[in-house]
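Structure first, commentary second.
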Amino acid sequence: MTSHTCPCGLPRPYDACCGRFHQGTAAAPTAELLMRSRYSAFVKGDTGYLLRTWHPGTRPERLELDPRMRWTGLEILDCGDGSAFHSKGTVTFRASYRGGSLHERSRFERVDGAWVYVDGDFLD
């Protein structure tokens with residue numbers, strides 16, 4: 001699988017990009033990379049990773065993804081804070097899927113040193 005480009009849009013093989021976060025061998029160092037890895041998890045159907053990287057205060061008990069959903073691309077539009085020097089951050093993105101797109105400004109926080117998704121506002 002190393003030869004396949006990562007679904008997150010960065011020009012890297014999946015295993016060297018989001019795959020290492022999904023496998024737990026590394027943690028996303030920024031809110032943007034966590035956002036990208038969560039998008040890749042939606043593409044791959046990795047509900048375990050999505051739940052693990054969701055803020056405990058807003059995380060659902062379980063997550064069921066639609067197996068017919070086909071994600072086709074991710075565009076990062078803006079990032080606010082979210083670096084190694086911050087405890088909170090936002091990422092505004094457009095995630096395309098067959099038949100449409102989702103435009104959201106997501107909020108992220110650090111919990112026990114790790115970035116997690118808190119919630120988001122749909123835009124447009």
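What you see is a predicted model; the values in this text were computed from it and never measured. Reckoned from all heavy atoms, side chains included, excluding hydrogens, waters and symmetry mates.
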Show me the donor-acceptor pairs within less than 3.5 Å that the side chains of residues 87-95 make with the rest of the protein, sequence neighbours left out.
residue: Thr92; atom: OG1; partner: Arg105; partner atom: NE; Å: 3.3
residue: Arg94; atom: NH2; partner: His103; partner atom: ND1; Å: 3.3
residue: Arg94; atom: NH2; partner: Asp124; partner atom: OD2; Å: 3.1

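Pairs passing the salt bridge (Lys or Arg N to Asp or Glu O under 4.0 Å) check and including a residue from residues 50-63, sequence neighbours excluded, read Arg62-Glu64. Sorted by first and then second residue, the salt bridge (Lys or Arg N to Asp or Glu O under 4.0 Å) pairs with a member in residues 19-31 form an empty list; sequence neighbours excluded. Counting only residues at least two apart or on different chains, the salt bridge (Lys or Arg N to Asp or Glu O under 4.0 Å) pairs with a member in residues 21-37 are Glu32-Arg36.
Scored by the salt bridge (Lys or Arg N to Asp or Glu O under 4.0 Å) test, Asp66 finds Arg68 as partners (sequence neighbours excluded). Residues satisfying the side-chain contact (heavy atoms from CB on, under 4.5 Å) test with Thr53, not counting sequence neighbours, are Leu34, Arg38, Tyr49. Residues satisfying the salt bridge (Lys or Arg N to Asp or Glu O under 4.0 Å) criterion with Asp119, sequence neighbours excluded, are Arg107. Partners of Thr72 under the side-chain hydrogen bond (donor to acceptor under 3.5 Å, both in side chains) rule, at least two apart in sequence or in another chain, do not exist in this structure. The ring-ring contact (aromatic ring centres under 6.0 Å, His included) test applied to Tyr117 returns Trp54, Phe108, not counting sequence neighbours. Among residues two or more places apart in sequence or in another chain, the salt bridge (Lys or Arg N to Asp or Glu O under 4.0 Å) test is passed with Arg98 by none. With sequence neighbours left out, Ser40 forms a side-chain hydrogen bond (donor to acceptor under 3.5 Å, both in side chains) with no residue at all. Residues passing the side-chain contact (heavy atoms from CB on, under 4.5 Å) test with His86, sequence neighbours excluded: Asp81, Ser83, Trp115.
Taking SG of Cys18 as the start and CD of Gln23 as the end, the distance is 11.0 Å to the nearest 0.5 Å. Glu75 contributes atom CD, which lies 9.0 Å from atom OG of Ser101 (distance to the nearest 0.5 angstrom). One finds the CG atom of Leu74 at 8.5 Å from the OG atom of Ser96 (value rounded to the nearest 0.5 Å). Atom SG of Cys8 and atom CH2 of Trp71 lie 14.5 Å apart (nearest 0.5 Å). Rounding to the nearest 0.5 Å places CZ of Phe42 at 4.5 Å from CG of Leu50. Rounding to the nearest 0.5 angstrom, the gap separating the CG atom in Asp15 from the SG atom in Cys6 is 9.0 Å.
The same ILVMFWY cluster, assembled from side-chain heavy atoms under 4.5 Å apart, contains both Val43 and Met35. Hydrophobic clustering (ILVMFWY, side-chain heavy atoms < 4.5 Å, transitive): Leu123 and Tyr97 are in distinct clusters. There is no path of hydrophobic side-chain contacts, each under 4.5 Å, that joins Val118 to Leu102.
Minimum heavy-atom separation, Pro56 to Val111: CD-CG2, 4.3 Å. Smallest separation of non-hydrogen atoms from Pro29 and Phe21: CD-CZ, 4.0 Å.
A donor-acceptor contact shorter than 3.5 Å is absent between the side chain of His55 and the backbone of Glu109. Between the side chain of Arg12 and the backbone N or O of Gly9, no donor-acceptor pair lies under 3.5 Å. Proximity of a side-chain donor or acceptor of Arg110 to a complementary backbone N or O of Ala114 within less than 3.5 Å is not detected.
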message = side chain to side chain contact (heavy atoms under 4.5 Å, CB included), that's the test. Do Leu10 and Leu33 meet it? Break it down for me.
response = CA-CA 10 Å; Leu10 293 177; Leu33 286 176; 3.9 Å; yes

